[in-house]
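Scroll down for the structure; my scribbles are underneath it.
In listed order, ligands and their atoms are each counted from 1. Not measured: the values here are computed from a predicted model.
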Amino acid sequence: MAKTGETGMRVLFVTSEIAPLIKTGGLADVSAALPAQLHAMGVDVRVLLPGYAQVLKLHPALDQVARVAGLPGEPEVNLLQGTLPDGVPFWVIDCPEMYQRGGGIYQDEHGQDWPDNALRFGLLSRVAALLGSAATPLAWRPEVVHCNDWQSALAPAYLHFAEGAAPCVMTVHNLAFQGIFPSAVVPELGLPWDCFKPEGVEFYGNLSFLKAGLFYARHITTVSPSYAEEIQQDELGFGLQGLLASRRGVLTGILNGIDNSEWNPAADPHIAQPYSAANMSGKAACKLALQKHMGLQADRDIPLLGMVSRFTQQKGLDVVLEVAPQLLRLPVQLVFLGSGDVEIQRKVLDLAHHHPGQVGAYVGFDEGLSHQIEAGADMFLMPSRFEPCGLNQMYSQRYGTPPLVHATGGLKDSVVDCNATSLARGDATGFVLEELTPAALLKTLQRAVAVFQDKAVWATLQRNGMHRNFGWEESAAAYLKIYSALLRV
Ligand code: ADP
Ligand code: GLC
């Protein structure tokens, strides 16, 4: 990436996951791409994350840069330093008893949250706040601390009580996850009881990490303009709508970008054959390769619908499964990749089992396969109940795989429904479902399959999507503007 300007501003970006080191969802992609773009724009950005076993395995020889205070009564922890592929320096907190274990980063191998998550992510937040205050042992001191989701959301509270604290930006990637714990952890985390009140970190008798962040941060952002409005309403506010509405003056929705080099059908090492808007022949090869890989009948003409998703209530998979019997009669082929809710996993695998050759499913996490589905499918399904931003619908537009989405959050902000008006305007890129019900989903799927039969219109949809620029430049500039405004007051 070329340097587009030298600002030299020092920013500490705090996150619980970052691609390609450790990823469970879109937060990891954003944590990699946004700092990389800021770095390219001349910002002196550094990333802080926990020293998970997976990260230290990939980087076994990181340099130790300091010892920093841990949680109250606990020993100091080491801070290790490395450099990300795009040149951004990162620090990991080396605390083996908290971060080096089997299972997932938030949950154990049975899908249960780790019982000490309050302490694990309390430590992340506390170290972030330490580095952002006068007490830091490092020579480098951030001018802005940028926290992401509940795992680092206590940092603004710690910073509120610290000497020489940097201002804090709190980004909400998903309000459904708040980090709520019994009040007993308040002293273990070294938080003063003084802040355990409704105008502070208390939430219905418990401690809420995310509420702390939303209350104490100087600026709040979320990952799309529509979601910024939705979280101020009862339906999607998850109990925090009042607080968010009261802070609307400092709440900004900034649509995520995508990493155009990582997600590029013309140079994607994971896919069968490269292709571009100018030469789409490789896409047919990708479709055949995907059909073969997933055990589907090799058929060029049947519409192949793909889904890559965490299997949760949020993603609307239950509605897709409900209409599957009618959908499969259209006919179409279906491919699923995902993991999560055990019941959804079972239903998806059952569907594949009962429709051999027509439905393929893989339960697990597979980065390569996610690219192969984006490239090989004809259409991408993403009827999420709510979606703060969503990245796959943007990846799929870039891969000439028109998405079918529900009109919510970032999906609404990034997909233009195919209809006479948008086709005439020249900006139709997919299919937008106004209401998420089985009947409406089926109707929209029927409409999409009918458009698929019209080769000329379909090619227009693909081209429009492939020509859209979802790069990070504009969004990173919007973050930079917020950082700069904080430094001016
Ligand atoms: P969310 O963060 O809510 O899961 P996003 O659409 O923002 O949703 O991002 C999801 C990211 O995780 C995408 O990069 C997607 O490809 C990836 N992903 C989700 N599930 C899987 C999986 N099972 N295997 C590989 N990648 C996955
Ligand atoms: C969250 C949201 C998703 C968003 C991602 C990155 O996981 O569910 O919509 O794209 O974070 O911001």
Side-chain angles (χ1 to χ4, degrees), residues 13 15-20 22-35 104-106 146-151 170-178 210 221-228 230-231 236 238 253-259 262-263 268 270 294 306-317 335-341 344-345 348-349 360-375 377 380-399 401 403 405-406 408-415 470 472 475 479:
F13 190 92
T15 183
S16 58
E17 48 184 279
I18 183 166
I22 182 80
K23 167 167 167 176
T24 72
L27 172 61
D29 294 23
V30 173
S31 299
L34 173 57
I105 56 175
Y106 309 126
H146 186 162
C147 299
N148 293 278
D149 272 355
W150 74 265
Q151 294 89 348
M170 179 76 235
T171 296
V172 179
H173 296 264
N174 196 336
L175 200 65
F177 302 102
Q178 300 185 359
L210 190 60
T221 71
T222 189
V223 288
S224 68
S226 287
Y227 194 60
E230 290 164 0
I231 55 179
L236 291 179
F238 290 94
I254 302 174
L255 193 71
N256 284 334
I258 65 171
D259 182 336
E262 184 65 27
W263 294 91
D268 184 334
H270 300 292
M294 298 302 285
M307 257 190 116
V308 179
S309 180
R310 286 185 294 113
F311 287 174
T312 64
Q313 262 291 94
Q314 175 189 343
K315 302 293 180 177
L317 275 134
V335 163
F336 296 91
L337 165 63
S339 64
D341 184 289
I344 301 179
Q345 290 183 177
V348 166
L349 289 173
Y362 178 77
V363 168
F365 197 90
D366 187 330
E367 187 72 30
L369 184 54
S370 74
H371 287 243
Q372 286 149 19
I373 294 176
E374 290 292 3
F380 194 86
L381 287 189
M382 205 162 168
S384 309
R385 279 205 166 72
F386 66 94
E387 195 61 78
C389 179
L391 298 170
N392 277 307
Q393 82 283 5
M394 296 192 270
Y395 301 151
S396 70
Q397 287 173 72
R398 185 148 162 81
Y399 278 68
T401 308
V405 304
H406 175 212
T408 184
L411 299 177
K412 187 163 142 187
D413 293 345
S414 60
V415 181
F470 288 112
W472 266 104
S475 302
Y479 281 102

For [atom], which candidate among [options] holds the nearest heavy atom?
atom                   : options                        : result
atom 6 (C) of ligand 2 : Ile258, Asn256, Ile254, Leu175 : Asn256
atom 7 (O) of ligand 2 : Met394, Arg310, Gln314         : Arg310
atom 4 (C) of ligand 2 : Ala176, Ser224, Gly390, Gly26  : Gly390

Looking only at N/O atoms, are [X] and ligand 1 under 3.5 Å apart anywhere?
X      : value
Gly364 : yes
Thr24  : no
Lys23  : yes
Lys315 : yes
Gly25  : no

Distance from atom 3 (C) of ligand 2 to nearest protein heavy atom, with residue and atom: Glu387 OE2, 3.4 Å

Measure the distances from the heavy atoms of [X] to every atom of ligand 1 and state whether one is below 4.0 angstrom.
X      : result
Glu374 : no
Gln393 : no
Ala28  : no
His173 : no
Tyr395 : yes
Cys389 : no

Ligand 1-proximal atoms of His371, by part, heavy-atom distance under 4.0 Å: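 None of His371 does.
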
Mode of Pro388 contact toward ligand 1 - side chain, backbone, both, neither (heavy atoms, under 4.0 Å):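 Neither; nothing of Pro388 gets under 4.0 Å from ligand 1.
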
Atoms of ligand 1, numbered as shown, that sit under 4.0 Å from any heavy atom of Asn392: 6 (O), 13 (C), 15 (C), 16 (O)

Residue Asp29 vicinity, atoms of ligand 1 by number, heavy atom under 4.0 Å: 14 (O)

Where ligand 2 meets Val30 - atom numbers and elements under 4.0 angstrom, heavy-atom basis: 6 (C), 12 (O)

Any Gly410 heavy atom less than 4.0 Å to ligand 2: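 No, Gly410 has no heavy atoms under 4.0 Å from ligand 2.
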
Check: Val223 N/O within less than 3.5 Å of ligand 2 N/O: no

Sub-3.5 Å N/O-N/O distance, His173 and ligand 2: yes

Geometric class of the His146/Tyr479 ring pair [parallel <30°, tilted 30-60°, perpendicular >60°]: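 Geometry flag for His146 against Tyr479: tilted rings.
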
Smallest separation among heavy atoms of Gln151 and Tyr106, with atom names: NE2-CE2, 3.4 Å

Spacing of SG belonging to Cys147 relative to CE belonging to Met170, to within rounding of 0.5 Å: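 The SG atom of Cys147 sits 5.5 Å away from the CE atom of Met170.
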
